[in-house]
Trainee: 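Here's a structure for you.
Below, chain A is the first sequence line, B the second, and so on; all start at residue 1.
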2 protein chains.
Amino acid sequence: MAAARNTPDTSPEARAQLLEAQDRFIASWGRMGSVWGISRTMAEVHALLYITGQPMCTDEIMERLGVSRGNVSMSVRSLLEWGVIEKVRHAGDRKEYFQAEQDVWSMLRAIARERIKREVDPLLDALDEIGELAPQVEAKSQEEIRALHKRLDEIRDGFGLITTLAHKFAGPRGAGLQTAARLLAKAPVGRKRTHERTRKGDAS
Amino acid sequence: MAAARNTPDTSPEARAQLLEAQDRFIASWGRMGSVWGISRTMAEVHALLYITGQPMCTDEIMERLGVSRGNVSMSVRSLLEWGVIEKVRHAGDRKEYFQAEQDVWSMLRAIARERIKREVDPLLDALDEIGELAPQVEAKSQEEIRALHKRLDEIRDGFGLITTLAHKFAGPRGAGLQTAARLLAKAPVGRKRTHERTRKGDAS
DNA sequence: TTCGATTTTCAGATTTCATTGAAAATCACT
DNA sequence: AGTGATTTTCAATGAAATCTGAAAATCGAA
(Lines give C-alpha, C1' and ligand atoms only; values in the text may rest on other atoms or scores of the structure.)
Protein backbone atom coordinates (compact mmCIF):
# COMPACT_ATOMS: atom_id res chain seq x y z
CA MET A 1 0.00 0.00 0.00
CA ALA A 2 1.03 3.56 -0.68
CA ALA A 3 -0.11 4.43 2.82
CA ALA A 4 3.23 3.55 4.34
CA ARG A 5 5.52 5.86 6.26
CA ASN A 6 3.16 8.77 6.13
CA THR A 7 0.01 7.45 7.64
CA PRO A 8 -0.43 6.20 11.18
CA ASP A 9 -3.81 5.08 12.48
CA THR A 10 -5.63 8.37 12.30
CA SER A 11 -9.24 9.12 11.49
CA PRO A 12 -9.81 10.70 8.07
CA GLU A 13 -11.33 13.83 9.58
CA ALA A 14 -8.43 14.40 11.90
CA ARG A 15 -6.05 13.88 9.02
CA ALA A 16 -7.91 16.42 6.92
CA GLN A 17 -7.62 18.92 9.75
CA LEU A 18 -3.94 18.22 10.02
CA LEU A 19 -3.39 18.89 6.34
CA GLU A 20 -5.52 22.00 6.49
CA ALA A 21 -3.54 23.39 9.39
CA GLN A 22 -0.28 22.56 7.67
CA ASP A 23 -1.45 24.31 4.53
CA ARG A 24 -2.33 27.39 6.47
CA PHE A 25 1.08 27.47 8.03
CA ILE A 26 2.73 26.95 4.68
CA ALA A 27 0.72 29.77 3.18
CA SER A 28 1.58 32.15 6.01
CA TRP A 29 5.23 31.37 5.95
CA GLY A 30 5.21 31.76 2.20
CA ARG A 31 3.56 35.14 2.45
CA MET A 32 6.20 36.23 4.91
CA GLY A 33 8.80 34.95 2.51
CA SER A 34 7.66 37.38 -0.15
CA VAL A 35 7.67 40.23 2.35
CA TRP A 36 11.24 39.28 3.28
CA GLY A 37 12.43 39.23 -0.28
CA ILE A 38 12.63 35.44 -0.35
CA SER A 39 10.77 33.76 -3.15
CA ARG A 40 7.40 32.52 -2.04
CA THR A 41 8.10 28.99 -3.17
CA MET A 42 11.37 28.79 -1.31
CA ALA A 43 9.63 29.80 1.88
CA GLU A 44 6.81 27.35 1.23
CA VAL A 45 9.15 24.45 0.67
CA HIS A 46 10.85 25.25 3.90
CA ALA A 47 7.57 25.57 5.74
CA LEU A 48 6.40 22.24 4.40
CA LEU A 49 9.53 20.44 5.46
CA TYR A 50 9.58 22.12 8.81
CA ILE A 51 5.98 21.59 9.72
CA THR A 52 5.79 17.96 8.65
CA GLY A 53 9.19 17.17 10.04
CA GLN A 54 9.50 14.38 7.53
CA PRO A 55 12.03 13.95 4.77
CA MET A 56 10.37 14.47 1.40
CA CYS A 57 11.53 14.01 -2.16
CA THR A 58 11.14 16.38 -5.07
CA ASP A 59 7.99 14.77 -6.40
CA GLU A 60 6.25 14.83 -3.06
CA ILE A 61 7.06 18.50 -2.66
CA MET A 62 5.95 19.30 -6.20
CA GLU A 63 2.68 17.56 -5.65
CA ARG A 64 1.91 18.99 -2.26
CA LEU A 65 2.74 22.57 -3.21
CA GLY A 66 1.69 22.41 -6.83
CA VAL A 67 4.85 23.94 -8.24
CA SER A 68 7.15 22.92 -11.00
CA ARG A 69 10.10 20.61 -10.76
CA GLY A 70 12.57 23.30 -11.64
CA ASN A 71 11.21 25.60 -9.01
CA VAL A 72 11.52 22.94 -6.31
CA SER A 73 15.03 22.18 -7.42
CA MET A 74 16.14 25.79 -7.11
CA SER A 75 14.36 26.39 -3.84
CA VAL A 76 15.83 23.31 -2.30
CA ARG A 77 19.28 24.33 -3.37
CA SER A 78 18.98 27.73 -1.73
CA LEU A 79 17.63 26.20 1.45
CA LEU A 80 20.59 23.85 1.53
CA GLU A 81 22.93 26.81 1.13
CA TRP A 82 21.17 28.60 3.93
CA GLY A 83 21.71 25.50 5.99
CA VAL A 84 18.10 25.17 7.09
CA ILE A 85 17.45 21.83 5.42
CA GLU A 86 19.62 18.83 4.67
CA LYS A 87 19.76 15.95 2.26
CA VAL A 88 18.75 12.51 3.44
CA ARG A 89 19.32 9.34 1.48
CA HIS A 90 17.21 6.27 1.83
CA ALA A 91 18.99 2.96 1.36
CA GLY A 92 18.05 1.35 -1.94
CA ASP A 93 16.31 4.48 -3.18
CA ARG A 94 17.92 6.72 -5.70
CA LYS A 95 15.84 9.77 -4.90
CA GLU A 96 17.10 12.56 -2.72
CA TYR A 97 15.03 13.39 0.31
CA PHE A 98 15.13 16.65 2.20
CA GLN A 99 14.53 17.31 5.83
CA ALA A 100 14.28 20.58 7.70
CA GLU A 101 16.43 21.57 10.61
CA GLN A 102 14.11 20.98 13.55
CA ASP A 103 15.68 23.27 16.11
CA VAL A 104 13.82 26.55 15.87
CA TRP A 105 16.60 28.68 17.20
CA SER A 106 19.19 27.32 14.92
CA MET A 107 16.75 27.89 12.10
CA LEU A 108 16.00 31.45 13.12
CA ARG A 109 19.71 32.10 13.43
CA ALA A 110 20.27 30.81 9.93
CA ILE A 111 17.58 33.11 8.61
CA ALA A 112 18.99 36.09 10.47
CA ARG A 113 22.47 35.29 9.22
CA GLU A 114 21.39 35.21 5.60
CA ARG A 115 19.36 38.34 5.86
CA ILE A 116 22.21 40.28 7.36
CA LYS A 117 24.47 39.04 4.63
CA ARG A 118 22.07 40.26 1.99
CA GLU A 119 20.60 43.32 3.64
CA VAL A 120 23.22 44.95 5.79
CA ASP A 121 26.73 43.95 4.84
CA PRO A 122 26.57 45.37 1.32
CA LEU A 123 25.41 48.68 2.70
CA LEU A 124 28.28 48.82 5.16
CA ASP A 125 30.73 48.13 2.38
CA ALA A 126 29.20 50.86 0.27
CA LEU A 127 29.40 53.30 3.15
CA ASP A 128 33.07 52.62 3.64
CA GLU A 129 33.70 53.18 -0.02
CA ILE A 130 31.79 56.41 -0.09
CA GLY A 131 33.64 57.64 2.96
CA GLU A 132 36.86 57.24 1.07
CA LEU A 133 35.48 58.80 -2.04
CA ALA A 134 35.06 62.28 -0.62
CA PRO A 135 37.72 62.85 1.99
CA GLN A 136 39.08 66.14 0.66
CA VAL A 137 38.11 68.47 3.43
CA GLU A 138 40.58 70.89 1.89
CA ALA A 139 39.93 74.00 3.85
CA LYS A 140 37.52 75.57 6.25
CA SER A 141 34.04 76.53 5.09
CA GLN A 142 33.55 72.96 3.86
CA GLU A 143 30.72 72.66 6.28
CA GLU A 144 28.62 70.50 4.02
CA ILE A 145 31.29 67.95 3.39
CA ARG A 146 31.97 67.58 7.06
CA ALA A 147 28.25 67.17 7.63
CA LEU A 148 28.15 64.48 4.97
CA HIS A 149 30.89 62.57 6.72
CA LYS A 150 29.18 62.93 10.01
CA ARG A 151 25.98 61.42 8.67
CA LEU A 152 27.75 58.64 6.85
CA ASP A 153 29.62 57.76 10.00
CA GLU A 154 26.51 57.81 12.10
CA ILE A 155 24.67 55.48 9.81
CA ARG A 156 27.65 53.22 9.57
CA ASP A 157 28.07 53.09 13.30
CA GLY A 158 24.40 52.38 13.76
CA PHE A 159 24.34 49.49 11.37
CA GLY A 160 27.73 48.33 12.55
CA LEU A 161 26.39 48.02 16.05
CA ILE A 162 23.35 46.17 14.89
CA THR A 163 25.49 43.85 12.84
CA THR A 164 27.80 43.10 15.70
CA LEU A 165 24.85 42.34 17.86
CA ALA A 166 23.25 40.19 15.23
CA HIS A 167 26.42 38.27 14.47
CA LYS A 168 26.61 37.39 18.09
CA PHE A 169 23.23 35.79 17.76
CA ALA A 170 23.49 34.49 14.27
CA GLY A 171 27.01 33.19 14.57
CA PRO A 172 27.52 29.44 14.22
CA ARG A 173 27.47 28.81 17.91
CA GLY A 174 25.34 31.80 18.82
CA ALA A 175 23.58 30.44 21.83
CA GLY A 176 23.18 34.10 22.57
CA LEU A 177 19.70 34.90 21.41
CA GLN A 178 17.72 32.82 23.79
CA THR A 179 19.52 33.90 26.88
CA ALA A 180 20.13 37.46 25.89
CA ALA A 181 16.60 37.87 24.70
CA ARG A 182 15.14 36.36 27.80
CA LEU A 183 17.35 38.60 29.82
CA LEU A 184 16.35 41.76 28.02
CA ALA A 185 12.75 40.75 27.80
CA LYS A 186 12.46 40.93 31.53
CA ALA A 187 12.52 44.65 32.19
CA PRO A 188 9.01 46.04 31.75
CA VAL A 189 8.58 48.14 28.63
CA GLY A 190 4.95 48.48 27.57
CA ARG A 191 4.50 45.11 25.89
CA LYS A 192 1.97 45.63 23.17
CA ARG A 193 0.96 42.28 21.68
CA THR A 194 -2.57 42.59 20.37
CA HIS A 195 -3.70 39.03 20.85
CA GLU A 196 -3.42 36.90 23.96
CA ARG A 197 -1.83 33.56 24.48
CA THR A 198 -4.84 31.44 23.67
CA ARG A 199 -3.24 28.02 23.66
CA LYS A 200 -5.21 25.67 25.84
CA GLY A 201 -4.35 22.07 26.60
CA ASP A 202 -0.86 21.37 27.87
CA ALA A 203 -2.77 20.42 30.98
CA SER A 204 -2.88 16.64 31.42
CA MET B 1 20.45 84.34 -7.88
CA ALA B 2 19.28 80.80 -7.66
CA ALA B 3 22.42 79.93 -5.76
CA ALA B 4 20.84 80.83 -2.43
CA ARG B 5 20.29 78.51 0.52
CA ASN B 6 21.99 75.61 -1.07
CA THR B 7 25.40 76.92 -1.99
CA PRO B 8 28.03 78.18 0.40
CA ASP B 9 31.43 79.32 -0.79
CA THR B 10 32.73 76.00 -2.03
CA SER B 11 34.96 75.24 -4.96
CA PRO B 12 33.21 73.63 -7.92
CA GLU B 13 35.35 70.50 -7.72
CA ALA B 14 34.61 69.97 -4.06
CA ARG B 15 30.95 70.48 -4.76
CA ALA B 16 31.02 67.92 -7.52
CA GLN B 17 32.60 65.45 -5.16
CA LEU B 18 29.99 66.17 -2.58
CA LEU B 19 27.19 65.51 -5.02
CA GLU B 20 28.90 62.38 -6.26
CA ALA B 21 29.25 61.01 -2.75
CA GLN B 22 25.65 61.85 -1.98
CA ASP B 23 24.51 60.10 -5.11
CA ARG B 24 26.44 57.01 -4.18
CA PHE B 25 24.82 56.96 -0.80
CA ILE B 26 21.40 57.48 -2.30
CA ALA B 27 21.97 54.63 -4.72
CA SER B 28 23.13 52.27 -1.98
CA TRP B 29 20.27 53.10 0.31
CA GLY B 30 17.90 52.69 -2.58
CA ARG B 31 19.32 49.30 -3.41
CA MET B 32 18.88 48.23 0.20
CA GLY B 33 15.36 49.52 0.01
CA SER B 34 14.54 47.06 -2.74
CA VAL B 35 16.10 44.24 -0.78
CA TRP B 36 13.96 45.21 2.18
CA GLY B 37 10.79 45.27 0.18
CA ILE B 38 10.57 49.05 0.24
CA SER B 39 10.18 50.73 -3.11
CA ARG B 40 13.46 51.94 -4.45
CA THR B 41 12.24 55.47 -4.90
CA MET B 42 10.91 55.71 -1.39
CA ALA B 43 14.27 54.68 -0.04
CA GLU B 44 16.04 57.10 -2.35
CA VAL B 45 13.91 60.02 -1.33
CA HIS B 46 14.65 59.24 2.26
CA ALA B 47 18.35 58.90 1.57
CA LEU B 48 18.42 62.22 -0.22
CA LEU B 49 16.68 64.04 2.60
CA TYR B 50 18.80 62.37 5.22
CA ILE B 51 22.14 62.88 3.61
CA THR B 52 21.62 66.50 2.66
CA GLY B 53 19.89 67.30 5.90
CA GLN B 54 18.07 70.11 4.14
CA PRO B 55 14.36 70.55 3.64
CA MET B 56 13.50 70.03 0.00
CA CYS B 57 10.34 70.52 -2.01
CA THR B 58 8.76 68.15 -4.48
CA ASP B 59 10.36 69.73 -7.53
CA GLU B 60 13.84 69.65 -6.07
CA ILE B 61 13.44 65.97 -5.23
CA MET B 62 12.04 65.18 -8.66
CA GLU B 63 14.92 66.89 -10.34
CA ARG B 64 17.65 65.43 -8.20
CA LEU B 65 16.39 61.87 -8.41
CA GLY B 66 14.91 62.04 -11.87
CA VAL B 67 11.57 60.54 -10.94
CA SER B 68 8.02 61.59 -11.60
CA ARG B 69 5.95 63.94 -9.53
CA GLY B 70 3.45 61.26 -8.65
CA ASN B 71 6.15 58.95 -7.47
CA VAL B 72 7.64 61.60 -5.20
CA SER B 73 4.23 62.41 -3.81
CA MET B 74 3.55 58.80 -2.88
CA SER B 75 6.99 58.14 -1.49
CA VAL B 76 6.86 61.23 0.63
CA ARG B 77 3.52 60.24 2.00
CA SER B 78 4.77 56.82 3.09
CA LEU B 79 7.84 58.34 4.67
CA LEU B 80 5.63 60.71 6.63
CA GLU B 81 3.58 57.75 7.81
CA TRP B 82 6.70 55.95 8.86
CA GLY B 83 7.62 59.04 10.79
CA VAL B 84 11.09 59.35 9.33
CA ILE B 85 10.53 62.71 7.63
CA GLU B 86 8.40 65.72 8.43
CA LYS B 87 6.77 68.61 6.63
CA VAL B 88 8.31 72.04 6.91
CA ARG B 89 6.63 75.21 5.78
CA HIS B 90 8.45 78.32 4.69
CA ALA B 91 6.74 81.61 5.42
CA GLY B 92 5.29 83.17 2.29
CA ASP B 93 5.93 80.04 0.26
CA ARG B 94 3.14 77.71 -0.56
CA LYS B 95 5.31 74.74 -1.35
CA GLU B 96 5.71 71.97 1.14
CA TYR B 97 9.23 71.13 2.13
CA PHE B 98 10.32 67.86 3.65
CA GLN B 99 13.08 67.19 6.08
CA ALA B 100 14.44 63.91 7.37
CA GLU B 101 14.66 62.95 10.98
CA GLN B 102 18.31 63.54 11.75
CA ASP B 103 18.77 61.27 14.74
CA VAL B 104 20.03 57.98 13.38
CA TRP B 105 18.73 55.88 16.20
CA SER B 106 15.29 57.25 16.10
CA MET B 107 15.36 56.67 12.38
CA LEU B 108 16.56 53.09 12.72
CA ARG B 109 13.91 52.48 15.32
CA ALA B 110 11.24 53.77 12.98
CA ILE B 111 12.46 51.45 10.26
CA ALA B 112 12.57 48.49 12.62
CA ARG B 113 9.09 49.30 13.87
CA GLU B 114 7.62 49.32 10.39
CA ARG B 115 9.37 46.16 9.37
CA ILE B 116 8.13 44.27 12.41
CA LYS B 117 4.66 45.49 11.72
CA ARG B 118 4.84 44.19 8.19
CA GLU B 119 7.03 41.14 8.58
CA VAL B 120 6.40 39.56 11.93
CA ASP B 121 3.10 40.57 13.46
CA PRO B 122 0.98 39.10 10.66
CA LEU B 123 2.80 35.80 11.01
CA LEU B 124 2.18 35.69 14.75
CA ASP B 125 -1.49 36.34 14.18
CA ALA B 126 -1.66 33.59 11.61
CA LEU B 127 0.08 31.18 13.95
CA ASP B 128 -2.44 31.84 16.69
CA GLU B 129 -5.24 31.25 14.28
CA ILE B 130 -3.81 28.01 13.02
CA GLY B 131 -3.24 26.82 16.54
CA GLU B 132 -6.92 27.18 17.20
CA LEU B 133 -7.87 25.59 13.92
CA ALA B 134 -6.60 22.12 14.78
CA PRO B 135 -6.93 21.58 18.51
CA GLN B 136 -8.78 18.26 18.40
CA VAL B 137 -6.23 15.94 19.90
CA GLU B 138 -9.11 13.55 20.40
CA ALA B 139 -7.33 10.48 21.53
CA LYS B 140 -3.90 8.96 21.79
CA SER B 141 -2.09 7.94 18.63
CA GLN B 142 -2.50 11.48 17.31
CA GLU B 143 1.21 11.80 17.32
CA GLU B 144 1.34 13.95 14.22
CA ILE B 145 -1.13 16.48 15.45
CA ARG B 146 0.72 16.87 18.70
CA ALA B 147 3.91 17.30 16.73
CA LEU B 148 2.27 19.98 14.63
CA HIS B 149 1.26 21.90 17.72
CA LYS B 150 4.69 21.55 19.15
CA ARG B 151 6.27 23.06 16.06
CA LEU B 152 3.73 25.84 15.80
CA ASP B 153 4.30 26.74 19.40
CA GLU B 154 8.04 26.71 19.02
CA ILE B 155 7.97 29.02 16.07
CA ARG B 156 5.52 31.28 17.76
CA ASP B 157 7.56 31.46 20.91
CA GLY B 158 10.68 32.17 18.92
CA PHE B 159 9.16 35.02 17.01
CA GLY B 160 7.34 36.21 20.06
CA LEU B 161 10.58 36.56 21.90
CA ILE B 162 12.18 38.37 19.02
CA THR B 163 9.20 40.67 18.77
CA THR B 164 9.23 41.49 22.44
CA LEU B 165 12.87 42.28 22.18
CA ALA B 166 12.39 44.35 19.10
CA HIS B 167 9.47 46.29 20.50
CA LYS B 168 11.66 47.23 23.38
CA PHE B 169 14.00 48.84 20.91
CA ALA B 170 11.53 50.06 18.40
CA GLY B 171 9.03 51.39 20.86
CA PRO B 172 8.44 55.14 20.87
CA ARG B 173 10.85 55.80 23.67
CA GLY B 174 13.09 52.85 23.05
CA ALA B 175 16.34 54.22 24.29
CA GLY B 176 17.16 50.56 24.62
CA LEU B 177 19.10 49.74 21.53
CA GLN B 178 22.11 51.90 22.08
CA THR B 179 22.72 50.84 25.61
CA ALA B 180 21.69 47.24 25.27
CA ALA B 181 23.66 46.83 22.11
CA ARG B 182 26.76 48.42 23.55
CA LEU B 183 26.37 46.19 26.53
CA LEU B 184 26.08 43.01 24.54
CA ALA B 185 28.67 44.08 22.03
CA LYS B 186 31.30 43.98 24.74
CA ALA B 187 31.78 40.27 25.24
CA PRO B 188 34.18 38.96 22.60
CA VAL B 189 32.54 36.81 19.95
CA GLY B 190 34.67 36.48 16.83
CA ARG B 191 33.90 39.82 15.19
CA LYS B 192 34.07 39.26 11.48
CA ARG B 193 33.91 42.60 9.71
CA THR B 194 35.77 42.27 6.43
CA HIS B 195 36.91 45.83 6.03
CA GLU B 196 38.70 48.00 8.55
CA ARG B 197 37.75 51.32 9.92
CA THR B 198 39.48 53.43 7.31
CA ARG B 199 38.22 56.87 8.26
CA LYS B 200 41.11 59.25 8.53
CA GLY B 201 40.95 62.92 9.39
CA ASP B 202 39.11 63.88 12.54
CA ALA B 203 42.56 65.00 13.55
CA SER B 204 43.01 68.79 13.45
C1' DT C 1 -14.83 83.72 -3.13
C1' DT C 2 -11.70 83.39 -6.78
C1' DC C 3 -7.49 82.08 -8.83
C1' DG C 4 -3.37 79.99 -9.79
C1' DA C 5 0.02 77.28 -7.68
C1' DT C 6 0.69 72.85 -5.68
C1' DT C 7 -0.46 68.22 -4.49
C1' DT C 8 -2.91 63.88 -5.10
C1' DT C 9 -4.81 60.22 -7.61
C1' DC C 10 -4.94 56.41 -10.70
C1' DA C 11 -5.26 53.92 -15.33
C1' DG C 12 -2.05 52.38 -18.23
C1' DA C 13 2.99 51.67 -19.50
C1' DT C 14 7.07 49.82 -17.91
C1' DT C 15 10.20 47.27 -15.33
C1' DT C 16 11.40 43.65 -12.33
C1' DC C 17 11.09 39.24 -10.53
C1' DA C 18 9.35 34.41 -10.07
C1' DT C 19 7.96 30.38 -12.44
C1' DT C 20 7.52 27.00 -15.92
C1' DG C 21 8.89 23.17 -18.76
C1' DA C 22 11.64 20.81 -21.58
C1' DA C 23 16.42 19.90 -22.95
C1' DA C 24 20.87 18.84 -21.07
C1' DA C 25 23.53 17.08 -17.49
C1' DT C 26 24.27 14.11 -13.73
C1' DC C 27 24.23 10.08 -11.17
C1' DA C 28 23.52 5.25 -9.10
C1' DC C 29 23.49 1.01 -10.38
C1' DT C 30 24.60 -2.97 -13.39
C1' DA D 1 30.97 1.89 -20.08
C1' DG D 2 25.85 1.76 -20.59
C1' DT D 3 21.21 2.78 -19.03
C1' DG D 4 17.38 4.86 -17.28
C1' DA D 5 15.99 7.47 -13.36
C1' DT D 6 16.71 11.87 -11.28
C1' DT D 7 18.31 16.52 -11.00
C1' DT D 8 19.79 20.92 -12.90
C1' DT D 9 19.74 24.64 -16.00
C1' DC D 10 17.85 28.42 -18.50
C1' DA D 11 15.17 30.77 -22.24
C1' DA D 12 10.58 32.01 -22.53
C1' DT D 13 6.43 33.19 -20.17
C1' DG D 14 3.58 35.12 -16.80
C1' DA D 15 2.56 37.81 -12.73
C1' DA D 16 3.36 41.48 -9.70
C1' DA D 17 5.22 45.61 -8.34
C1' DT D 18 6.61 50.11 -9.67
C1' DC D 19 6.47 54.27 -12.17
C1' DT D 20 4.61 57.85 -15.19
C1' DG D 21 1.85 61.66 -16.58
C1' DA D 22 -1.95 64.14 -17.00
C1' DA D 23 -6.51 65.10 -15.07
C1' DA D 24 -8.80 66.20 -10.85
C1' DA D 25 -8.67 67.85 -6.27
C1' DT D 26 -6.80 70.78 -2.87
C1' DC D 27 -5.10 74.70 -0.72
C1' DG D 28 -3.26 79.48 0.56
C1' DA D 29 -3.22 84.09 -0.50
C1' DA D 30 -5.47 88.16 -2.04
Side-chain angles (χ1 to χ4, degrees), chain A residues 26-27 29-49 55-82 85-99 114-115 118-119, chain B residues 26-27 29-49 55-82 85-99 114-115 118-119:
Chain A
I26 292 166
W29 196 252
R31 216 179 339 275
M32 280 307 109
S34 340
V35 176
W36 296 352
I38 293 159
S39 103
R40 202 193 79 239
T41 304
M42 178 175 161
E44 285 184 351
V45 171
H46 180 232
L48 173 61
L49 294 176
M56 298 180 76
C57 69
T58 306
D59 296 84
E60 289 171 323
I61 299 172
M62 283 171 64
E63 158 130 7
R64 180 73 187 268
L65 299 181
V67 296
S68 75
R69 185 175 299 283
N71 204 351
V72 169
S73 173
M74 286 167 133
S75 298
V76 148
R77 166 149 42 136
S78 304
L79 290 169
L80 286 169
E81 276 164 15
W82 282 40
I85 69 173
E86 58 181 357
K87 269 188 206 174
V88 178
R89 322 241 18 176
H90 281 175
D93 186 346
R94 199 110 72 58
K95 286 205 192 73
E96 293 182 318
Y97 289 75
F98 304 96
Q99 177 157 235
E114 284 301 321
R115 296 194 71 187
R118 300 193 324 155
E119 303 184 0
Chain B
I26 291 166
W29 196 252
R31 214 177 342 273
M32 280 307 110
S34 338
V35 177
W36 296 351
I38 293 159
S39 105
R40 204 192 77 241
T41 303
M42 178 174 160
E44 285 184 351
V45 171
H46 180 231
L48 173 61
L49 294 177
M56 298 179 75
C57 69
T58 306
D59 295 84
E60 289 171 323
I61 298 173
M62 283 172 63
E63 158 131 7
R64 180 74 186 267
L65 299 181
V67 296
S68 75
R69 185 174 300 282
N71 204 351
V72 170
S73 173
M74 285 167 134
S75 297
V76 148
R77 170 158 36 150
S78 304
L79 290 169
L80 286 170
E81 276 164 15
W82 282 41
I85 68 173
E86 58 180 356
K87 270 188 205 174
V88 178
R89 321 238 23 172
H90 281 175
D93 186 346
R94 197 117 79 60
K95 284 204 192 75
E96 294 182 318
Y97 289 75
F98 303 95
Q99 178 157 235
E114 284 301 321
R115 296 194 72 188
R118 299 194 324 155
E119 302 184 1

Trainee: Spell out protein contact along nucleotides 10-30 of chain C as letters: B when the base is contacted, S when just the sugar-phosphate is, - when no protein heavy atom is under 4.0 Å; keep the 5' to 3' order.
Mentor: B--------SBB------S--

Trainee: For the pair made of CG in D59(B) and P in dA5(C), what is the distance, rounded to whole Å?
Mentor: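 Atom CG in D59(B) sits about 12 Å away from atom P in dA5(C).
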
Trainee: Starting at CG of L49(B), measure out to CD1 of I61(B) and round the result to the nearest 0.5 Å.
Mentor: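 It comes to 5.0 Å.
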
Trainee: What is the separation between atom CE on M62(B) and atom P on dT8(C), rounded to the nearest whole Å?
Mentor: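 After rounding, the reported distance stands at 13 Å.
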
Trainee: Between C1' on dA16(D) and CZ on R31(A), what's the gap in Å once rounded to a whole number?
Mentor: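 Result: 16 Å.
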
Trainee: Can you measure M56(A) atom CE to dT6(D) atom P for me and round it to whole angstrom units?
Mentor: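 That distance rounds to 16 Å.
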
Trainee: Specify the closest pair of heavy atoms between E119(A) and M32(B), including all atoms of both residues, with the distance to one decimal.
Mentor: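 That would be O-SD, 2.8 Å.
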
Trainee: Take D59(A) and R69(A) through the test salt bridge (charged side-chain N to carboxylate O under 4.0 Å, His left out) and record every step on the way to the result.
Mentor: CA-CA 8 Å; D59(A) 296 84; R69(A) 185 175 299 283; 3.0 Å; yes

Trainee: Just verifying a value: how many Å separate M42(B) CE and W36(B) CH2, rounded to the nearest 0.5 Å?
Mentor: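 Result: 10.5 Å between the selected atoms.
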
Trainee: Taking atom CZ of R118(B) and atom CZ of R115(B), what is their separation to the nearest 0.5 Å?
Mentor: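 The distance works out to 7.5 Å.
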
Trainee: Nearest whole Å is fine: how far is dG4(D) C1' from K95(A) NZ?
Mentor: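 Rounding to the nearest Å, NZ of K95(A) and C1' of dG4(D) are 13 Å apart.
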
Trainee: Rounding to a whole Å, what distance do you find between E60(B):CD and dT7(C):P?
Mentor: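 Answer to the nearest Å: 11 Å.
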
Trainee: Tell me the interatomic distance from E96(B), atom CD, to dA25(D), atom P, rounded to whole angstroms.
Mentor: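 The distance from CD of E96(B) to P of dA25(D) comes to 19 Å, rounded to the nearest Å.
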
Trainee: Quick one: are I85(B) and H46(B) in side-chain contact, heavy atoms under 4.5 Å?
Mentor: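 Yes - at least one pair of side-chain heavy atoms lies under 4.5 Å apart.
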
Trainee: Starting at CD of E81(A) and ending at C1' of dT8(D), how long is that distance when rounded to a whole Å?
Mentor: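 It works out to 13 Å between those atoms.
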
Trainee: Any side-chain N or O of S73(A) under 4.0 Å from OP1/OP2 of dT7(D)?
Mentor: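 So the side-chain polar atoms of S73(A) never come under 4.0 Å of the phosphate oxygens OP1 or OP2 of dT7(D).
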
